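This chain uses plain numbering: 1 for the first residue, then up along the sequence. Values in this document were obtained by computation on a predicted structure and should not be read as measured data.
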Amino acid sequence: MKKYAIYPTGGGGERPCIHDIQEDEWYGEDITKTEPGDLPRVNLWAGGFPCQDISVSGRQRGLAGKRSSLFFEIVRLLKGTPAEDRPEWLVLENVKNLLSVNRGWDFATVLCSLAEIGYHIEYGLLNSRFHGVPQNRERIYLVAYRHFRASGGRKIFPATASDGKALIQLIGGSQGKPAHFHLLTPEA
């Protein structure tokens with residue numbers, strides 16, 4: 001089964017992206033219409049939420065903006081999942097300005113929202129140029145894990161690789177089937 005997503009290009013046009021989803025893989029169309037019970041049980045959720053309302057290039061609405069407020073959909077899905085079925089790990093990414101938009105209160109909201117539902121959060125500001133990518137892109141990465149690992153857990157940050165190799169492997173063993181989510185962003 002092929003799923004198509006349309007992504008805007010810098011010149012005002014759009015480009016299609018094809019995700020070749022296998023029959024035994026989970027696929028979701030719209031995070032705002034997904035119910036917690038629809039999601040497969042997995043050990044790790046990785047992703048991000050739109051940065052247009054957070055970026056210094058945007059209007060600086062922060063989490064109150066239509067797009068960046070999709071962070072709260074992640075929280076809604078986590079809250080609606082029984083604690084024992086929630087992913088053990090979360091890896092979220094966004095632009096550097098998440099740290100300071102709305103005088104830092106939005107970042108505090110992200111941290112508190114995840115802590116309230118049982119996650120210990122570490123975060124770091126990483127620049128891709130120091131990790132084998134030929135561009136200067138600063139991004140904030142949040143790695144969250146459920147509290148039962150908080151006291152003896154492995155430190156994630158600071159990440160200090162410069163050779164382009166994987167920094168760390170969070171989950172040992174073989175990797176399972178991927179789950180794909182096509183995020184439809186609300187209109188601005």
Side-chain angles (χ1 to χ4, degrees), residues 21 24-51 53-54 62-64 67-102 104-128 131 138-161 165-183 185:
I21 309 302
D24 61 345
E25 294 175 346
W26 183 86
Y27 177 84
E29 289 266 338
D30 184 344
I31 193 171
T32 65
K33 295 178 182 169
T34 299
E35 294 302 322
D38 297 341
L39 299 170
R41 185 173 181 191
V42 295
N43 286 338
L44 180 138
W45 285 5
F49 44 99
C51 68
D53 300 313
I54 297 168
L63 294 177
R67 294 178 179 186
S68 297
S69 66
L70 289 177
F71 165 75
F72 296 110
E73 291 296 322
I74 296 169
V75 173
R76 176 186 65 84
L77 292 171
L78 288 166
K79 282 183 175 180
T81 302
E84 65 275 7
D85 292 338
R86 289 180 188 152
E88 183 177 355
W89 295 92
L90 303 173
V91 179
L92 302 174
E93 172 272 339
N94 214 294
V95 295
K96 175 183 178 179
N97 203 44
L98 177 61
L99 294 169
S100 55
V101 70
N102 292 322
W105 285 107
D106 284 8
F107 187 62
T109 298
V110 168
L111 297 178
C112 289
S113 296
L114 295 174
E116 285 174 355
I117 53 176
Y119 286 92
H120 171 79
I121 303 104
E122 290 188 38
Y123 61 90
L125 183 65
L126 300 179
N127 190 326
S128 61
H131 300 284
E138 291 181 301
R139 294 292 183 265
I140 183 80
Y141 287 88
L142 295 102
V143 177
Y145 47 95
R146 285 194 272 165
H147 277 199
F148 64 85
R149 287 193 181 248
S151 61
R154 181 163 142 196
K155 292 299 286 177
I156 307 299
F157 294 103
T160 57
K165 293 182 180 176
L167 298 176
I168 58 169
Q169 181 177 347
L170 294 177
I171 300 174
S174 63
Q175 302 303 310
K177 295 283 184 182
H180 301 274
F181 205 100
H182 171 183
L183 177 62
T185 307

Got [X] and [Y] here, is their nearest side-chain heavy-atom distance under 4.5 Å?
X: N94; Y: F71; answer: no
X: S113; Y: Y119; answer: no
X: P36; Y: L77; answer: yes
X: E88; Y: L44; answer: no
X: C51; Y: L98; answer: no
X: L126; Y: R139; answer: no

- Message: Show every side-chain hydrogen bond (donor to acceptor under 3.5 Å, both in side chains) that has at least one partner inside residues 70-80, sequence neighbours left out.
- Response: E73-R76
- salt bridge (charged side-chain N to carboxylate O under 4.0 Å, His left out) against D85, all qualifying residues, sequence neighbours excluded: R41
Roughly how far, to the nearest 0.5 Å, is [atom2] of [Y] from [atom1] of [X]?
X: L114; Y: L92; atom1: CG; atom2: CG; answer: 6.5 Å
X: Y141; Y: L125; atom1: OH; atom2: CG; answer: 10.0 Å
X: W89; Y: R146; atom1: CH2; atom2: CZ; answer: 11.0 Å
X: L39; Y: W45; atom1: CG; atom2: CH2; answer: 5.0 Å
X: F49; Y: I54; atom1: CZ; atom2: CD1; answer: 5.0 Å
X: I140; Y: L99; atom1: CD1; atom2: CG; answer: 4.0 Å

- Mind checking side-chain contact (heavy atoms from CB on, under 4.5 Å) for L111 and listing every partner two or more places apart, or none if nothing turns up? F107, I121, Y123, L142
- Taking side-chain contact (heavy atoms from CB on, under 4.5 Å) as the test, write out the residues that go with A64, two or more places apart. none
- Note: D30 and T34 closest approach over all heavy atoms is O-OG1, 2.9 Å
- Task: Please name the pair of heavy atoms, one in S68 and one in G62, separated by the smallest distance, quoted to 0.1 Å.
- Result: CB-O, 3.5 Å
- Task: For residues 105-115, pull every pair meeting salt bridge (Lys or Arg N to Asp or Glu O under 4.0 Å), keeping only residues two or more places apart or in separate chains.
- Result: none
- Task: Report the C-alpha separation of V110 and L63 in whole Å, then their side-chain angles, then the decisive distance to 0.1 Å, and conclude whether the side chain to side chain contact (heavy atoms under 4.5 Å, CB included) test is met.
- Result: CA-CA 9 Å; V110 168; L63 294 177; 3.9 Å; yes
- Task: Sequence neighbours left out, what passes side chain to side chain donor-acceptor pair (under 3.5 Å) with S100? Give chain and number order.
- Result: N97
- Verdict with reasoning, L70 to I74, per side chain to side chain contact (heavy atoms under 4.5 Å, CB included): CA-CA 7 Å; L70 289 177; I74 296 169; over 6 Å; no
